[in-house]
Amino acid sequence: MIQRRLNSNFFMIGYFLYLFSFYFFYASNINKVFVVDTAYHYTIYLAGIFLILSCFFVIWSLKRLLISLVLLVVSIIYFIRSKDNTILITSLIMVAGQQINLKSFFKKDLLARCIIFLIVFTLCVTNLIPETTTLRDNGSVRIALGFAQANTTGAIVFSIISEWVILKHGFLNKYNYFVLLLSLILVNYVTNSRSTVIGILLVAALCWKLTPDISTWLHRLFLILFPLFATIDYITTKYYSAHGIMLQLNALFSGRIQLIHYFIQHFDVTIFGQLIPTKDPNNLKNTYYLVVDNSYVSMLLRYGLVFLVVFGMLYILFIHKIIVRKSIGILTISIVFLIIANMENTLYIPAYNIVVPFLINIPFGETVDED
């Protein structure tokens, strides 16, 4: 009992330090007013220390120990080669979160995300940090409410909505659907974040249609979504040509396919990943900055084949166990993140995808149930 409590306490401290450093120091406009790089890195390192301490109080089984070691070894190799701590923190959160109570976590995480959002929003409206306003090609104005990008604003709002849906176990009444509709209208009007709008629509549709007794064919379909999307996305972007239906698809995805094709042309698939520079000397996107806006291709090119395969296997096992447990709320959010991953680099990042901490926890049966 004491061991589990220590594991949980160290994990929550480390996780919330990570969450705050990500959204406040890294993803908000506070870095346009103050030099916060040092604060960001020290907070991330402190988060890592608490997550490592949490690992010492995990009750290990052989399977979980082996999968944890594979994740950590791959992450450490990539960190040493690139100095990028993204998947190292992701892996630590997954390894340390093996015995965390789901319901308690989602309640605390929901509150933390709301507080962080309100802090950044308040600093913005009081002019303590600047606003970021951008225009789409069609003239639509996008407002980020104090965050560096409007899509980041949409992402934190969607994570809040996701945890609210999970805490309601995916069973929504007409008033809840009205809340989703209102959220969709506000997000679209303020941020014009298409992926967030699509995410909210998908959440509403799946909550409406899914029942605890998932049919066999739907169960199988959900299990193949990860490899299916990963394969289609890689092939589509690798063999992209600027004519016909491909040109139309590229326009539909705001130029993402062409941009990812650029990365595939310049970087080979590796076993343990590689550092991919995001500076754009040719100014292809008129920002001098490039992003692989696809989780599957990003994992493959940036973090390597081993990480993609291990993460994918854990996600598939996670979905299978969630279906068996008849946890419709978590299943809904997990599937929606798989779909959004085709257009955003969010699937493997805990600050965005709220189910990442449980990808080892749930498949290997050491979790305290969400109820």
Side-chain angles (χ1 to χ4, degrees), residues 11 14-28 31 36-52 54-55 67-68 70-97 109 113 116 147-149 151-152 155-156 159 226 230 260 263 267 269-279 289-312 314-315 337 340-341 343-360:
F11 172 82
Y15 175 82
F16 288 132
L17 283 171
Y18 156 76
L19 193 69
F20 182 80
S21 65
F22 184 93
Y23 277 116
F24 189 73
F25 291 132
Y26 175 75
S28 84
N31 54 35
V36 295
D37 287 352
T38 301
Y40 168 71
H41 288 298
Y42 276 121
T43 309
I44 284 290
Y45 293 146
L46 187 60
I49 290 171
F50 276 103
L51 291 171
I52 291 170
S54 177
C55 293
I67 197 69
S68 298
V70 171
L71 272 175
L72 291 175
V73 167
V74 171
S75 304
I76 291 169
I77 290 173
Y78 181 77
F79 177 71
I80 292 172
R81 295 172 62 183
S82 68
K83 305 306 178 186
D84 180 352
N85 59 32
T86 302
I87 63 167
L88 180 56
I89 289 294
T90 294
S91 298
L92 279 173
I93 287 174
M94 290 166 62
V95 171
D109 194 38
R113 288 169 188 266
I116 293 170
F147 291 94
Q149 297 181 24
N151 279 351
T152 303
I156 190 170
S159 68
F226 190 105
I260 297 168
F263 281 101
F267 299 96
V269 174
T270 62
I271 299 298
F272 294 110
Q274 61 197 310
L275 178 63
I276 296 181
T278 53
K279 298 296 182 182
Y289 187 77
L290 294 174
V291 178
V292 185
D293 269 333
N294 181 293
S295 298
Y296 305 103
V297 179
S298 180
M299 279 190 281
L300 180 61
L301 292 183
R302 191 183 302 276
Y303 305 118
L305 185 61
V306 174
F307 182 77
L308 175 69
V309 170
V310 173
F311 186 88
L314 288 174
Y315 213 100
F337 271 110
I340 292 177
M343 62 189 81
E344 297 291 349
N345 188 26
T346 56
L347 185 63
Y348 58 92
I349 300 176
Y352 297 132
N353 187 350
I354 57 175
V355 305
V356 166
F358 299 100
L359 293 188
I360 296 177

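Reckoned from all heavy atoms, side chains included, excluding hydrogens, waters and symmetry mates. Along the sequence shown, residues carry numbers from 1. Model, not experiment: these values are computed from the prediction.
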**Student:** I'd like to know whether Y348 forms a ring-ring contact (aromatic ring centres under 6.0 Å, His included) with Y303, so could you lay out the CA-CA distance, the side-chain angles of the two residues, the decisive distance to 0.1 Å, and finally the verdict.
**Tutor:** CA-CA 11 Å; Y348 58 92; Y303 305 118; 5.4 Å; yes
**Student:** Starting at CD1 of I276, measure out to CG of L301 and round the result to the nearest 0.5 Å.
**Tutor:** 5.0 Å
**Student:** Could you report the tightest heavy-atom contact between A341 and Y296, atom names first, then the distance?
**Tutor:** CB-CE1, 3.6 Å
**Student:** Starting at CG of N353, measure out to OH of Y315 and round the result to the nearest 0.5 Å.
**Tutor:** 4.5 Å
**Student:** Compare every heavy atom of A96 with every heavy atom of S54, then report the nearest pair and how far apart it is.
**Tutor:** OG-O, 3.5 Å
**Student:** Once you round to the nearest 0.5 Å, how far does CD1 of I156 lie from OH of Y352?
**Tutor:** 9.5 Å
**Student:** Show, in sequence, the C-alpha distance, side-chain angles and deciding distance for F311 and L347, and conclude whether the side-chain contact (heavy atoms from CB on, under 4.5 Å) test is met.
**Tutor:** CA-CA 10 Å; F311 186 88; L347 185 63; 4.0 Å; yes
**Student:** Could you grab the distance from atom OH of Y42 to atom CG of D37, nearest 0.5 Å is fine?
**Tutor:** 12.5 Å
**Student:** Going from CG on N151 to CG on N345, what distance comes out if it is rounded to the nearest 0.5 angstrom?
**Tutor:** 11.5 Å
**Student:** List the atom of T86, the atom of D84, and the distance in Å for their closest heavy-atom pair.
**Tutor:** OG1-OD1, 2.7 Å
**Student:** Mind running side-chain contact (heavy atoms from CB on, under 4.5 Å) on V36 and N31 for me, showing each step along the way?
**Tutor:** CA-CA 6 Å; V36 295; N31 54 35; 3.5 Å; yes
**Student:** Where the side chain of S91 meets the backbone of L72, is there a donor-acceptor pair that is under 3.5 Å apart?
**Tutor:** no
**Student:** What's the verdict on side-chain contact (heavy atoms from CB on, under 4.5 Å) for M94 and V356, showing C-alpha distance, side-chain angles and the deciding distance?
**Tutor:** CA-CA 7 Å; M94 290 166 62; V356 166; 3.8 Å; yes
**Student:** Can you give me the closest heavy-atom contact between Y78 and R302, atom names plus distance?
**Tutor:** CE1-O, 2.9 Å
**Student:** Testing the basics here: between L71 and L314, what is the closest heavy-atom pair and its distance to 0.1 Å?
**Tutor:** CD1-CD1, 3.9 Å
**Student:** What are the two closest heavy atoms between I87 and S75, and how far apart are they?
**Tutor:** O-OG, 3.2 Å
**Student:** Closer than 3.5 angstrom, by distance alone: can the side chain of E344 be matched with the main-chain N or O of S295 as a donor-acceptor pair?
**Tutor:** no
**Student:** Pairs of donor and acceptor atoms involving the side chains of residues 15-25, under 3.5 Å and at least two apart or interchain, shall be tabulated with distances.
**Tutor:**
from	atom 1	to	atom 2	distance (Å)
Y15	OH	D109	OD1	3.1
Y15	OH	D109	OD2	3.2
Y15	OH	R113	NH2	3.0
Y18	OH	A351	N	3.1
S21	OG	L17	O	3.2
S21	OG	Y18	O	2.8
Y23	OH	A351	O	2.7

**Student:** Test side-chain contact (heavy atoms from CB on, under 4.5 Å) on V74 and V310 and set out the steps.
**Tutor:** CA-CA 10 Å; V74 171; V310 173; 6.0 Å; no
**Student:** When rounded to the nearest 0.5 angstrom, what distance separates CD1 in I44 from CD1 in I49?
**Tutor:** 12.0 Å
